[in-house]
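Everything on this sheet refers to the single structure shown next.
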Amino acid sequence: MYNHKERTLSTRLMETQHHHHDIPTATLHLHVDPENCLEATVLHGSVHQVRHMADQITSQTGVKYGKLHVIPLSKPPVHSHE
């Protein structure tokens, strides 16, 4: 949850995702009220990579609340269009 009126915050959050372009797989963005937005981002990577990116996002000035939920995979996902 963050204050979308915080100067340059949206840009900084997007730059963080672009800097870690191989980790984010999907982002949901909701307008909660006139001042606040909620973003939920699904990340895929090593625990170290995911925690590092989550820390970079939640430590930004203007982010009011952030929580990382780690869900371990029993095996690497297989992506196929066959």
Close side-chain approach of N3 and L9, heavy atoms under 4.5 Å: no

Donor-acceptor under 3.5 Å (T41 side chain, T27 main chain): no

Min side-chain heavy-atom separation E6-R12 under 4.5 Å: yes

Pairing residues for I71 by the side chain to side chain contact (heavy atoms under 4.5 Å, CB included) criterion, not counting sequence neighbours: none

Spacing of NE2 belonging to H44 relative to CG belonging to D22, to within rounding of 0.5 Å: 10.5 Å

Ignoring hydrogens and angles, write down the donor-acceptor pairs under 3.5 Å from the side chains of residues 61-69, residues two or more places apart or on other chains.
unit_1 : atom_1 : unit_2 : atom_2 : d
K64    : NZ     : N36    : OD1    : 2.7

Test item: C37 and M1 side chains (from C-beta on) under 4.5 Å apart, heavy atoms: no

Sequence-distant partners of T8, side-chain hydrogen bond (donor to acceptor under 3.5 Å, both in side chains), two or more places apart: none

side-chain hydrogen bond (donor to acceptor under 3.5 Å, both in side chains) partners of R51, counting only residues at least two apart: none

Side-chain heavy atoms of V50 within contact of I23, under 4.5 Å: yes

Any residue meeting ring pair (Phe, Tyr, Trp, His ring centres under 6.0 Å) with H52, in chain and number order, not counting sequence neighbours: H20

Rounded distance (nearest 0.5 Å) linking atom NE2 of H19 with atom CE of M53: 10.0 Å

side-chain hydrogen bond (donor to acceptor under 3.5 Å, both in side chains) partners of T11, counting only residues at least two apart: none

Criterion side-chain contact (heavy atoms from CB on, under 4.5 Å) on T16 and Q60, from CA distance to verdict: CA-CA 10 Å; T16 300; Q60 294 285 335; 4.2 Å; yes

Flag, side chain of H4 to backbone of P34, donor-acceptor distance under 3.5 Å: yes

Side-chain donor or acceptor of Q49 paired with backbone N/O of S46 under 3.5 Å: yes

Between NZ on residue K5 and CD on residue E35, distance to nearest 0.5 Å: 5.0 Å

Working for side-chain contact (heavy atoms from CB on, under 4.5 Å), residues I57 and L13: CA-CA 6 Å; I57 291 170; L13 293 173; 3.8 Å; yes

